[in-house]
Amino acid sequence: MECDLKALRMSPAFRSLLLPICQRPTSSVQLHNKLSLSSRSLLLSVKLKPLSCAALEAFDLNPISDLALSNVPNSETQLHEVRVNNGSSTNEEMVGSNVKTRPRVFNSKKRLIRYSGMLRTCVLQGSLNEGKAIHGQVIKNGIDPDLHLWVSLVNVYAKCGDCGYARKVLDEMPEQDVVSWTTLIQGFVVKGFGVDAVKLFCEMKKDGTRANEFALATGLKACSLCFDLGFGKQLHAEAVKLGFFSDVFVGSALVSLYAKCGEMELADTVLFCMPEQNVVSWNALLNGYAQEGDGKQVLKLFCRMTESEMRLSKFTLSTVLKGCANSENLRGGQFLHSLAIKSGCKIDEFLGCSLVDMYSKCGMAIDAVKVFRRIKNPDVVAWSAIITCLDQQGQCQEVAELFREMISTGISPNQFSLSSIISAATDLKDLHFGESVHAFAWKNGCESDISVSNALITMYMKIGRVLDGAQVFEAMTDRDLISWNSLLSGTHNHEICDLGPRIFHQMLVEGFKPNMYSFISVLRSCSSLLDVGLGKQVHAHIVKTSLDDNDFVGTALIDMYAKIRFLEDAVIAFNKLSNRDLFIWTVIITGYAQTDQAEKAVACFSQMQQEGVKPNEFALAGCLSACSCIAMLENGRQLHSMAIKSGHLGDLFVSSALVDMYAKCGCIGDAEDIFGGLDSRDTVSWNIMICGYSQYGRGEKAIEAFSTMLNEGTIPDEVTFIGILSACSHLGLVEEGKKHFDSLSKVFRITPTIEHYACMVDILVRAGKFNEAESFIETMNLTLYPIIWETVLGACKMYGNVEFGETAAKKLFELKPELDSTYILLSNIFAVKGRWDDVSKVRKLMSSQGVKKKPGCSWVEVDGQVNTFVSQDGSHPRIRDIHLKLEELGEKLNSVGYIPETEDVLHNITEREKKEHLQYHSERLALAFSLISTNPPKTIRIFKNLRICGDCHEVMKLISDVTNREIVVRDVKRFHHFKSGTCSCNDFW
């Protein structure tokens, strides 16, 4: 039988040791009858793997001769020099054709020492197979191991990675002492099996073996590995009882244990109670403080260490640099850098990586690169450190360049550097570069690494290649929570946001416990879906996992509720947050502004400032938007001043919000001034001005602004055309309106919305072209849209077109029967024509449908306070003064020929009662209050939730003349600027 030595995967030298034996036939091989009991039991109990068995089968009966062993030097070269003497006449004598073996001497001390030395060499070389072969040779040759050889066998198995065999060898030992136990425990520690090592230590104690200082130190290392502080403290107590606490190895292990478990006070106490400290114990304590991020204490201890004349090493410097990095102590790191240079420490890969990490975490990427460039022949770890540094500093382009340079030097990136390179590709949004890195990872077999796969998933998801990201995810054989979170990270896009909840559900099904990143991603998907039901389910899951007090998760919850317009739930989550940062304040302020709760938005902004949070450009823009909603001019001006002082006036969001605020507060001149001073004007800012001009009755200025906008190269959008078509409508420019409507789709490739069609209908009916409007409605299939018939009905009221008005009203009764303005406008049309029976029918219909006229509400801001008035309301503190002022104004109006338009009053009351009803409309109450609360020439600005009625419109014109005051009224449709008896709408609204 021939032995296939190549299959053994042994070194050539070791093969030469076995070659003479392996070349001989083995058919007559028998186990020696005189094997000792211990050797025989060991042979039978140890189930050697096929590789070792092959070696055993190749052995002959002849043992290694004493002469061969005695000539082997006691060094690591012994395996390469041992030869087997198979043909020596001194070892055999011929009897006929048989070969008789001379009696063996099993207890040669030199032979046992040499075997132990060979096993020690296997440990140094990590050669498990060769160690097994030597073990087999010991068994075959009937060697009766002494205690040292037994320990050597345990040691070779334990430290070469086969702890199971090591334990079996220990169990077969005739006598187990503390050395053998410690050797086995140490093997488990070396392999990182801390829990198993602690269990072995406990078994040793139960076996009655008393621990020595080395066993205690090894047991403490095992506790450090598994963070078993409780058992570590028991070993501490045992060390004190046995008198080993003063041992430098035990002391260093204790310091390391307490430091790794975060018990820095205990670690500190142990170190300074040690009669003798070494570099290992100092480094352990320094590393503990470095992990805690306590850079000051690390430097303080380092100085104390140097005072004790402890030898400075690069390992110590590296540990202290880590402390400076974690605490972002740049000055301390620079001091250590200079100390390393002065002390002659070579800036090699090890120390260089620590310096690169320190400069990186201190935000000094340029210095990190300088250190890296000084490293001669940097290895993959150094390359990974600088690439990670630049990636964390956001210098993605430099990462890409370093990657190419790294490849050109012949060094292949490892999984850590590849992850950073993929992250840079993600930030660059460079799909081509990312795919190139993906191909490189696949070619070099790194794609299967979980960190690389996770980075690839994140890249594809964030770039929008969802299918590619899903493919990488599906190809993974081993997924962790980060893999699921990476897949979730790109699912909040509006087009694929429905994927987020499905992935989240599957993650739960597969037994993964979501963390804060999982919840943040799925909540963003809920926001995009506007699915509050799903959002509340996720919220409940967050509460169950005790993450509801997490500020990041809380922020995502508030953002979700605010975007879905559930502000009450958002405020509840907001009030639970312990740390409310600027972002979350901005979310709440913007949420209030977008849900027409402007007063709460302003109050929230004020509270934010009181809590010491300084607003940024987004918070300012959000609060300005709130001021625009209810025309809080004084608050808006204060915010304007704040924007100037804080330097945010140049921000496009803030400046656009200011233009919008002034435009909606009726200060079109101030809006023009800010708009004219903008360094850059985008579509949004142009839209604000165009729509502002249109609503203010300055159609010519709106058309002029639109022309300038196009000349400057700004592309209009849907909102732009709503503004320009409204301007054409108010100016009666039918043909120009048609031209702009046609250009919407033909020139600018914008699909018209129902709002655009409504504007076109408005242009036609305002010009009295009812037949053309009716034809347009039929041609464009617009009969099912209430907004179209609302537009028609309003124009019919102005023109008194009863027939078309009735048609429009009937359509609205079908499509939107709850709309109160339909009944009011139709009644007005009938009342003007004197058709009181029809007016009565409309009232009865309105009553039978349960529709009530929305109460008119007007408000005016005086001295920073908003005063609100409702029609016929008598609750205002100065209501008596207001009524007196109205009576005074009534006398002046009568003197100039004012006749009330009582047809606007739909109540079935007397003519006198109708006149009194008109006198106390909400806008008149607001006007009277403004007149008694302000002085000329201040413009009065009144805001109303409904259209201003015809009679009040006429009264405002007359009062502006008799009082010589400018009055601006913003109703639900547009602005009316009353001055010297005229209105900016030219009585056409």
Side-chain angles (χ1 to χ4, degrees), residues 628 655-656 658-678 680-769 772-773 776 787 791 794-795 798 968 970-971 973-979 982-989:
S628 302
S655 55
S656 296
L658 277 169
V659 174
D660 186 51
M661 184 273 297
Y662 280 121
K664 287 181 178 176
C665 288
C667 301
I668 198 69
D670 293 322
E672 281 182 312
D673 291 340
I674 294 176
F675 180 76
L678 294 180
S680 62
R681 297 182 285 207
D682 62 358
T683 304
V684 174
S685 54
W686 276 108
N687 288 348
I688 291 168
M689 277 312 301
I690 290 170
C691 293
Y693 281 135
S694 178
Q695 287 187 331
Y696 212 77
R698 296 187 180 182
E700 300 89 346
K701 296 281 285 183
I703 293 170
E704 182 185 333
F706 180 68
S707 178
T708 307
M709 173 185 180
L710 296 179
N711 290 336
E712 288 189 6
T714 307
I715 306 299
D717 61 8
E718 296 90 342
V719 179
T720 316
F721 280 95
I722 290 174
I724 203 65
L725 290 171
S726 297
C728 292
S729 175
H730 291 132
L731 290 172
L733 301 175
V734 177
E735 294 305 317
E736 185 161 355
K738 289 179 180 179
K739 183 187 74 173
H740 287 303
F741 183 81
D742 290 339
S743 70
L744 184 68
S745 55
K746 294 178 180 178
V747 178
F748 297 101
R749 299 289 187 269
I750 298 172
T751 302
T753 64
I754 189 59
E755 286 79 11
H756 295 117
Y757 286 114
C759 287
M760 195 60 225
V761 171
D762 191 49
I763 288 172
L764 295 172
V765 295
R766 277 179 177 272
K769 297 180 177 293
E772 189 175 346
F776 182 80
I787 190 174
T791 304
M798 286 190 295
V968 176
R970 190 186 91 181
D971 68 9
K973 291 292 184 181
R974 59 173 299 158
F975 280 96
H976 301 268
H977 190 172
F978 302 99
K979 181 179 180 181
T982 62
C983 179
S984 59
C985 73
N986 296 319
D987 299 335
F988 194 69
W989 81 98

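Predicted model only: the values in this text are computed from it and were never measured.
Nearest heavy-atom pair, Val659 versus Phe675, reported as atom, atom and distance to 0.1 Å: CG2-N, 3.8 Å. In terms of heavy atoms, His976 sits closest to Cys985 at ND1-SG, 3.5 Å. Shown here for Ile715 and Thr683, the closest heavy-atom pair between the two residues is O-OG1, 3.0 Å. Val968 and Gly666 get closest at one heavy-atom pair: CG1-CA, 4.2 Å. Residues Val765 and Ala773 share a closest heavy-atom pair of CG1-CB, 3.5 Å. Residues Ser745 and Pro752 come closest through the heavy atom pair CB-CD, 4.3 Å.
The shortest distance between side-chain heavy atoms of Phe978 and Thr982 does not fall below 4.5 Å. With a 4.5 Å cut-off on side-chain heavy atoms, Leu764 and Lys738 count as touching.
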Just distance, no hydrogens or angles: give the donor-acceptor pairs under 3.5 Å from side chains in residues 697-710, sequence neighbours left out.
from   : atom 1 : to     : atom 2 : distance (Å)
Lys701 : NZ     : Glu672 : OE2    : 3.4
Thr708 : OG1    : Glu704 : O      : 3.0

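Side-chain contact of Ser743 with His740: a donor-acceptor pair under 3.5 Å is absent, judged by distance alone. If you check the side chains of Thr720 and Asn687, you find a donor sitting under 3.5 Å from an acceptor. Between the side chains of Thr714 and Glu712, no donor-acceptor pair is found at a separation under 3.5 Å.
Between His756 and Phe741, the distance from one ring center to the other does not fall under 6.0 angstrom.
With Cys759 as the partner, the side-chain contact (heavy atoms from CB on, under 4.5 Å) test is satisfied by one option alone out of Ser729, Cys728, Ser726: Ser726.
Looking only at distances, no side-chain donor or acceptor of His730 sits under 3.5 Å from a matching main-chain atom of Gln695. At least one donor-acceptor pair closer than 3.5 Å links the side chain of Arg749 to the backbone N or O of Lys746. For Tyr696 (side chain) and Ile668 (main-chain N/O), no donor-acceptor pair under 3.5 Å exists by modelled atom type.
Annotation: side-chain contact (heavy atoms from CB on, under 4.5 Å) contacts of Asp673 (sequence neighbours excluded): Asp670. Legend: residues meeting side-chain contact (heavy atoms from CB on, under 4.5 Å) with Ser656, ordered by chain and number and at least two apart, are Leu652, Asp682, Ser685, Ile688.
We find that Asp660 and Lys664 are joined by a salt bridge, their nearest charged nitrogen and carboxylate oxygen being less than 4.0 Å apart.
Between the CZ atom of Phe975 and the SG atom of Cys667 there is a distance of 8.5 Å, given to the nearest 0.5 Å. Between Asp762 atom CG and Leu725 atom CG the span is 10.0 Å, to the nearest 0.5 Å. The line from OG1 of Thr791 to CZ of Arg766 is 9.0 Å long, rounded to the nearest 0.5 Å. Atom CD1 in Ile722 sits 5.0 Å away from atom OG1 in Thr753 (nearest 0.5 Å).
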Item checked: Residues Val761, Tyr757; criterion side chain to side chain contact (heavy atoms under 4.5 Å, CB included); working and verdict -> CA-CA 6 Å; Val761 171; Tyr757 286 114; 5.5 Å; no
